[in-house]
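Residue numbers begin at 1 in each chain, while the letters A, B, ... track the order of the sequences.
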Protein chains: 2
Amino acid sequence: MTITQLQYVLAVAEHKNFTLAAEKSYVTQPTLSMQVQKLEDELGVLIFDRSKKPISITAVGKKIVAQAKNIVAEAERIKDIVDQDKGYIGGDYTLGIIPTVMPTLLPMFLNTFIKKYPKVNLIIKEQPTDVMIRNILDGHLDAGIAATPLEIEFIKERPLYYEPFVGYVPQNHRLSQEQLLSTEHLDVNDVLLLQDGHCFRDGVINLCKASKNIGGETFKIESGSFETLVSLSDEGMGMTLLPYLNTVQLDAAKKQNLKPFKSPSPAREISLIYHKSELKIQITDALKEVISGIVRGAIAFQDVKIISPLAKN
Amino acid sequence: MTITQLQYVLAVAEHKNFTLAAEKSYVTQPTLSMQVQKLEDELGVLIFDRSKKPISITAVGKKIVAQAKNIVAEAERIKDIVDQDKGYIGGDYTLGIIPTVMPTLLPMFLNTFIKKYPKVNLIIKEQPTDVMIRNILDGHLDAGIAATPLEIEFIKERPLYYEPFVGYVPQNHRLSQEQLLSTEHLDVNDVLLLQDGHCFRDGVINLCKASKNIGGETFKIESGSFETLVSLSDEGMGMTLLPYLNTVQLDAAKKQNLKPFKSPSPAREISLIYHKSELKIQITDALKEVISGIVRGAIAFQDVKIISPLAKN
DNA sequence: AAAAACCATCAGTTTAATTTATGGTAGACC
DNA sequence: GGTCTACCATAAATTAAACTGATGGTTTTT
């Protein structure tokens, strides 16, 4: 049994296809086939059922794959140990970011980070929270930036910053005379929200629920970006809510319509999330330091009320 | 990096000697040397400092060795998974047994076990608890039988049976008229005990302490076996305490001198202990079943008081 | 029924692991 | 302080393993 064989098994388990798995492993298909067979021979069991297509994993195979993931991950950590010892911070690092923080947060820290750690090859992927979690769990992402708390098993969360929500209330709206909003003002039928899959929406819904206890409603309009949301709001479709960082780039006219919440303002917690095995932890640590250092200046801290993105509370 | 290389590193780390490590790994010394070097090259660090003799492990080396242990252990578990799936129970299994239970317990279960699981090659080693713990922690033992609770990190305990203590009181002893002993009767200066290293002794001392709170005393005589202890006792050197299973093989005359304790009798807990990683758990389970099944008949259960072998209480 | 997708097998090559033989160095011994 | 011994590294040769390219047989798809 070799680590390589285990990696091949993992590739096949993932792609359910020897040919594709071979490509992804940068070897030819016979190489991969033979190595997998060799491992199966050595163990005396079939890991994959090749009789039907697409191939399936046998019962034992599933357990073997799970254990192989362990072993390969533990093996990779040896490199981490050496890097940490050398004080070397480098190599590929894949980071997921949720769509609602991507455009505002990324430009803030990206430049600083790649200048400070030029050896790190940062690969950034925009993806919703559920996809991100799956990717972290199976090792396709080294870390992610998402709204927390999530409280997922095997995933650690380290808060980066707390971002208050700001109301965007158009001219003739019923709340346009208010100076400061309060959660009691919100009516779930009157707030424009992002479409499903954006965890921010969960936060807002919880916010509404928390303040008025209205559930089971359907919303008239849902959009995919805050820009659209603001436009719709201007058209008289209702008010909307924006995370603080999304408000700074609005033009002067639109800024007039912003109404902050009374302290304590509702807010979302944005965290760096990563697998509890802490692979590449030295890079994760570096990233955390850079981001929170930068954000510390950008968000004027206030007494905020944290809104969970989970529906459960 | 291969699993083999990691195993070689572990062998060197253990023996602090390439030549010996090579022997133990069943390869020649150059093979092992080259593979270790290759791994060091790949990682770009020295794992061993060969400049002085005996060789030493570098700072990074220690971390690498610790992680290598993980990986190798996890890799071995793949075989376990397959065995478990096949319902196969076999292979080498190394079991440690403390000296005071070895002669009584071993003959009781050995035959039954090897008949029921002929594929298991049981290797039994008699050793005191402290050695046993070290061996379980570094993987030289698959399990051990010892007096518990030990409460050692990374070690699991599964009680096999509770063995009451029985007093052996010779003819002219001050307690010879008593029918049933009580812990209050015991005087630490008057009880013959096994020499250091036998955990049973700790149990007895605790027992005495528990009943009379006498500490810091030195004992006149300490022997290495219960047989000697009984002989010494007959010679008028004082009474002694025997675990129940050690009393059944006494001849009729000596059995006259046995005096059980009043219920609840003091007792020791004998457990199967093993690493929490649960390697070869299917054999450990089988062993546990066989032993407790057999002992269930041998020890008449009574209301017993459990004596910890630890000094701390 | 033909085409496509996909995995296994084979023969040959490249690469890696291992061995035997040998050389060099640190400690032990006198 | 010189010699011996234990011990690790290196070199060359061998053996074993991994990998490739070509090909053939199944299973799906069309």
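For the contact set between residues 11-18 of chain A and DNA chain C, defined by any heavy atom under 4.0 Å, the members are A:N17, A:F18. Within residues 41-69 of chain A, the residues approaching DNA chain D are A:S51, A:K52, A:K53, by heavy-atom distance under 4.0 Å.
Residues that satisfy the side-chain hydrogen bond (donor to acceptor under 3.5 Å, both in side chains) test with A:Q7, not counting sequence neighbours, are absent from this structure. Evaluation of the ring pair (Phe, Tyr, Trp, His ring centres under 6.0 Å) rule for A:F109 yields no partner, not counting sequence neighbours. Shown here are the side-chain hydrogen bond (donor to acceptor under 3.5 Å, both in side chains) partners of B:T284, two or more places apart in sequence or in another chain: B:Y93. For A:H275, the side-chain hydrogen bond (donor to acceptor under 3.5 Å, both in side chains) test picks out A:S277, with sequence neighbours left out. Residues passing the side chain to side chain contact (heavy atoms under 4.5 Å, CB included) test with B:T2, sequence neighbours excluded: B:T4, B:Q5. For the side-chain hydrogen bond (donor to acceptor under 3.5 Å, both in side chains) test, no residue two or more places apart in sequence or in another chain qualifies with A:S25.
Between B:S33 and D:dC8 there is no side-chain polar atom (N or O) within less than 4.0 angstrom of OP1 or OP2. Distances shown here put a side-chain N or O of B:T28 below 4.0 Å from the OP1 or OP2 atom of C:dT19.
Between the OH atom of B:Y8 and the P atom of C:dA16 there is a distance of 16 Å, given to the nearest Å. Rounded to whole Å, atom C1' of C:dA16 lies 10 Å from atom CD of B:Q5. Across the protein-nucleic acid pair, B:L20 atom CG and D:dA6 atom P stand 14 Å apart, rounded to whole Å.
Salt bridge B:R158/B:E289: absent, no basic N to carboxylate O contact under 4.0 Å.
The salt bridge (charged side-chain N to carboxylate O under 4.0 Å, His left out) pairs that include a residue from residues 133-146 of chain B are B:D142-B:K280, where partners are two or more places apart or lie in different chains. The salt bridge (charged side-chain N to carboxylate O under 4.0 Å, His left out) analysis of residues 82-99 of chain A, with sequence neighbours excluded, yields the pairs A:K79-A:D83. Applying the salt bridge (charged side-chain N to carboxylate O under 4.0 Å, His left out) test to pairs two or more places apart or on separate chains, those with a residue in residues 62-78 of chain A are A:E74-A:R77.
Of the candidates C:dC7, D:dC19, C:dT19, the closest approach to any side-chain atom of A:Q29 belongs to C:dC7. Checking C:dC7, C:dA21, D:dC19 against every side-chain atom of A:T19, the shortest atom distance belongs to C:dC7.
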Please list, for nucleotides 12-17 of chain D, all pairs of protein and nucleotide N/O atoms separated by less than 3.5 Å.
none

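Within the nucleic acid shown, B:Q37 comes within 4.0 Å of sugar-phosphate atoms alone, with no base atom in reach, counting heavy atoms only.
When B:L43, B:N70, B:L39 are each tested for a side chain to side chain contact (heavy atoms under 4.5 Å, CB included) with A:I78, only one passes: B:L43.
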